[in-house]
Structures are given as C-alpha cells and as structure tokens.
Amino acid sequence: MLEVSGLTMAFGGLKALNNVYLSIGRREIHGLIGPNGSGKTTLINVVTGFYSPTRGEVRFKGNDVTGAPPYTIAKRGMVRTFQNINLFPEMTALENVITGHFFQIAPSLLSVILRSPSYREKEAKARNLGNEILEFVGLYPDRDMKARNLPYGKQRVLEIARALMTFPQFLVLDEPVAGMNDQESDIVSGLIVKLRDERDITVLLIEHHMRFVMNLCEKITVLNAGGVIARGIPREIQNNKEVIDVYLGTRREKHAEDR
Amino acid sequence: MMKKNISKFLLIFILLGLAVGVSFNRYLTFLATLSAINAIAVMGIVVISGYTGQLNLGQAAFVGLGAYTVAILGVSYGISFWIAIPVAIGVTAFFGILMGIPALKLKGGPYLALVTQTFGEIIYLAIMNLENFTGGPFGILGIEYPSIAGYTFSGLREYFFLCIAFLSVCYFLCRRIVDSPLGLVFTGIRESEDAEQSIGINTMYYKIMAFAIAAILGGIAGTLYAPFIGYISPDQFRWYPSLLLVSMAIVGGINSIGGGILGAFVLTFLPELLRLTDQFRLILYGLLVIAMLALLPEGLVSLYGKSWSEIRRMLSTRIQALRSRKLSQPR
C-alpha cells in the first residue's frame, strides 16, 4: 500500500529524517513510535504531501506521490489527521463532516446557483452520509454543536469522522488518543479495528500511549533522531535492547519522575 | 413577546421609513439607490473577506472595471447596457482571477491586504493612462440610462427599482452559494487551509473562485453605478472607496450577506443624514469601524432578533472580555 524509500528531509543543516525506509501492507495497522523530536510527524508530513522531501521516494498504491500537493494525495485515498487537532472550529460537527465529503461531490458553481437536480441529490447524499458517520462514531447527538465547543476527546473523534467522509483506503493518524483517558482511548482503539475489519482501511498511527500502540498495532516502526532503529511486531519491539535504551527506557524514567 | 422581537420591529420600521422616503423624497431615493449599488459590491467583500477570510482592499477597482466596461461599450460603441453586463462580468472575473493568483501563496494576512490594495492602484493607473480608451483623468461623460423593449429606466425612482431588482437577484444567488457545500469550503479556507487540503480539497482553486465571485459582484455594482451617476472618472474607484466598502461590511457584519447589505445602507445614509463634511465623514467611518470591532465583531446584523436585555448582556460580556484583554478576533 505504502512504500517509503531512502527518505531524507533536511531543514537547513538539521536532518529531521535520514534515509528512512518504511513499507506498509494492505489492511495493516502500523504504529510509528519514537521519542519527541525523532521525526515521526515530519515523516507523516512528507508522506501526505505537506512537505517535499530533500531526497527519497514515496509510493502509494504503486504510484509515485513524492512531493505531490496534499489534496491530490488525499484524493488518491490517503487521508491524515493532525497532532494539534485541525478542525473547522466555527462550523458545526455536521458541517465539518459534510466538508469531508466535498471532493467526492465537488458541485460546479453553476449547478449550485441553478440548484440543479444532480446537485440537490449530491447535497442530500452528503448530508445523509454525514449524519450516518456521526452516528457511527457516536457524535450524532452533538451534530449541531460548533466544533470548537466540543470537548477535546470528541474533537479528535470528529476529525477522524471527517477524514472517513472522504472514504479513504489509508488513514494516517497523528496521536489519535493524545490527552484522552483510558476509557476514551479504548473507544478509539475499537473504532480503528472496526474500520480495518469492516471497511478494509489501512492505518498508520503515531502514538505515545504505549498500551494503546502495543495492543492495537500489528507492526511497529521505531524512529530515533530521524532514522529507523527497529521494526517488527510489538513483542519484538518490547524486547529490542536498542528500543528499550533510547525510547522505552527514557519513557519509564520520565513516567517515574511524573508520578 | 413584543420585547423579544424589538430589533425585528426596528428593521421593519426602517424599511417602511425608507419606502415612504423613496416615494416622496428625491434625495432619499438617490441615497437608497446608491446604497443598493454599494450593497452589491459589499456582498462581494462578504464572500471573499468574510466567508473565505481573504481581506480584500481593492474591491472598488472591480466596481471601476464594471463601470468602465458599460461606459466604454455604451458611449464609444453604442452597445446596450444588457449586453455590456455579461461583458463586464467576464472582464471582472478575469481580473479577479488575476488578483487571486498572488493570494495563493499568502494565506490571508496583512501582505494580502497590501497586494489587493496595490492591485486596485494598478487598475487605477491603467485607467488613467489608457486615455484613448478611458478618457484618462477626464473620465467618461454622458452614460445613458438603460432601456428595455422601448422602456427607459430614466427616472430616479425607476432606476431605484432596477437596482433593488439587481440587489435581490444577487442576494438570492449569493445565499445559494454560501449556504451550499461551496460556502462550507470557502469557510474552511478561512478556518484552516491545511485541514481542507488534508481532505482532498484543492484550496487554490476555490480561493480563486471566491476572488472571482467577489470581483463579479463588484463589477455588477459598477455597471449599475455608471449610468446612475452618468459620469465616471478614475478617482471614483481608488483605495478610498475600497476602504469604505470594507467598512460597510464590517459595520453591518462581514460574515453575513444580509449584514453586508445592512452596512451598505447604514454607511451610505448616516453621513448624509448627519450632514457631515468630507473630513468628518472619515472620522465617523473610522470611529464606527473601531467601535464595531471592539463591541460587535459580528456587526450590526448580530443584533437582529435579539431583545434589549440580550443585547445588553452581549455588550457587557464583550466589554468584560476587552477589559481582561481576552480579545477574540473578528472572523
């Protein structure tokens, strides 16, 4: 589904990514972990077209999409969410998800002005799908709330719902459960499995929440200082000495300090 | 019940007053016609600056392009007003798209304001210097009232009704656009371009579309303005009227088509009714805009349908926010 090869991203003298290889198969739930500043979000930004890489190639479904504008990549079926929730805050939840379906209907200006039958049909369809998707993720009761007035956890879920309205084959989630409690993150975890099982959606996700990643992901890639230091199934990652040293070790210490 | 709808009654009262004024007083009819023409141009600003969030300080240039198209075609070539309108729409859409292109890289903000204002100045200079075509600084005289099937809209009142008809059609079509998913996409450009790109929307294409719509509305206002005044010259379409049009949008409510129309009427009538001279007008506009941004960032239209106590509560929370410096930016 996704093939990343030899990816290097330099900001001035700093190499945020250095010769990264990554391969994700269809219907896989793939975790991307690593300490802060290891290049996870940069990798996602390059893969989804928000940055053009200095070197290397990104292939999605066999097509070279390196440096293509983000919207064209989204149209091909790879849709992302953002680490800092990126909703349309002044729109209602329903309007947010309807906008998510826009590129599928893309009515022409003329058809909107004339309210042509085909436009009205498309508009009604987008609205129905919007209600359905809100029902699916459990936000239907909040559909007329402005996005900015929703609690944090619901905003994250709404962003996923909006992404789903594009009918993606590949979802890229940047910290989907950040700031959520265990109960909320279990709901998101269940949602992701359901998306894979019922809609054949492949998922790449960044997350710091270790229990969430280890329980959910089939494969994990570990980044450190812009390079891949390990890849494998959760059990292998948990027992990998290097990973424990650079990542899990420091995390444990940090958690010990926090508590 | 009575109290709840007080501002609705106020609006009906004003509209009635306007209707009576128009039927008896030529001066009020003149102002109402000018307001209607301004309102069409302000609607363009609501679409581009309110919904899409791209501050446009060059709207008067598009009014000018529309006006000059009608004037040149009518006076020099004897071409009818009704044929000149689609030509003007084409011309202004073209220049609107042209102005939208530099906006693609700027993502709103003060630089875009500079670009749009400069664009207006370029149009002004072009009109000034293409003397053979535009009459240069002397302008174009003797633009005739339009006629249809032998009937000429020659009287002030007849022309007023023509402008109101145009305003209504433009309002109706604009509402269709902004209430559609296209309107959501425009709003999305204002709220987060990255988010729109991430869900497969070509923000560049729709931003340019919004610029074109705004330019066309300015152009339509211009085609009505030229025969109404009868004489046009380049300085009528420079940065000052552009700023005035933006002020109208802010005072009325830049996020609502109805608000834009309200603002156009208020700012066209108010200085006249107060009998202000030119310098005092500028002060009045400035004070009104500042007061609006501070107290009613959603414009006068946000008072619509509210009772006095609700309005009082709205203002007091706003003043409290100002005091604690938690200013929310107008959107």
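Below, read A as the first sequence line, B as the second, and so on, with proteins coming before strands; counting in each chain starts at 1. Only heavy atoms go into these numbers, but all of them, side chains included; no hydrogens, no water, no symmetry mates.
By the ring-ring contact (aromatic ring centres under 6.0 Å, His included) test, Tyr51(B) is found to be paired with no residue, residues two or more places apart in sequence or in another chain being considered.
Although no hydrogens or angles enter the test, the distance criterion places no donor-acceptor pair under 3.5 Å between the side chain of Glu207(A) and the main chain of Gly31(A). The backbone N or O of Gly299(B) sits less than 3.5 Å from a side-chain atom of Ser302(B), completing a donor-acceptor pair. Between the side chain of Asn56(B) and the backbone N or O of Gly58(B), at least one donor-acceptor pair lies under 3.5 Å. Side chain of Thr54(A) to main chain of Ala10(A): a donor-acceptor pair is present (N/O by atom type, distance under 3.5 Å, no hydrogens or angles).
Proximity to chain B among residues 103-110 of chain A is limited to Phe103(A), Ile105(A), Ala106(A), Pro107(A), Leu109(A), judged by heavy-atom separations below 4.5 angstrom. Annotation: residues 75-85 of chain A contacts chain B through Lys75(A), Val79(A), Arg80(A), Phe82(A) [non-hydrogen atoms, separation under 4.5 Å]. Heavy-atom neighbours of chain B within the stretch residues 111-132 of chain A, taken at a separation under 4.5 angstrom, comprise Val112(A), Ile113(A), Leu114(A), Arg115(A), Tyr119(A), Glu123(A).
Remark: the Thr66(A) side chain and the Asp64(A) side chain contain an N/O donor-acceptor pair separated by less than 3.5 Å. Side chains of Glu196(B) and Thr203(B): a donor-acceptor N/O pair is absent below 3.5 angstrom, by distance only. When only modelled atom types and interatomic distance are considered, Ser198(B) and Asn86(A) share no side-chain donor-acceptor pair under 3.5 Å.
Of the residues listed (Leu204(A), Leu32(A), Ile206(A)), the one engaging Leu43(A) in a side chain to side chain contact (heavy atoms under 4.5 Å, CB included) is Leu32(A), and it is the only one.
Between Glu175(A) and Lys40(A) there is no salt bridge, since none of the side-chain N atoms of the basic residue sits less than 4.0 Å from a carboxylate O of the acidic one. Ion pairing between Arg59(A) and Glu57(A) holds under the 4.0 Å rule for side-chain N and carboxylate O.
A centroid separation of less than 6.0 Å is found between the aromatic rings of Phe102(A) and Tyr206(B).
Ring geometry for Phe11(A) against Tyr51(A) counts as perpendicular: the plane angle is over 60°, on a 0 to 90° scale with 30° as the lower cut. Ring orientation note: the planes of Trp82(B) and Phe166(B) are close to parallel, at an angle under 30° on the 30°/60° scale.
For chain A, no part of Phe172(B) is nearby; none of its heavy atoms comes within less than 4.5 Å. Contacts of Thr166(A) with chain B are made by side-chain atoms alone, with heavy-atom separations under 4.5 Å and no backbone atom involved.
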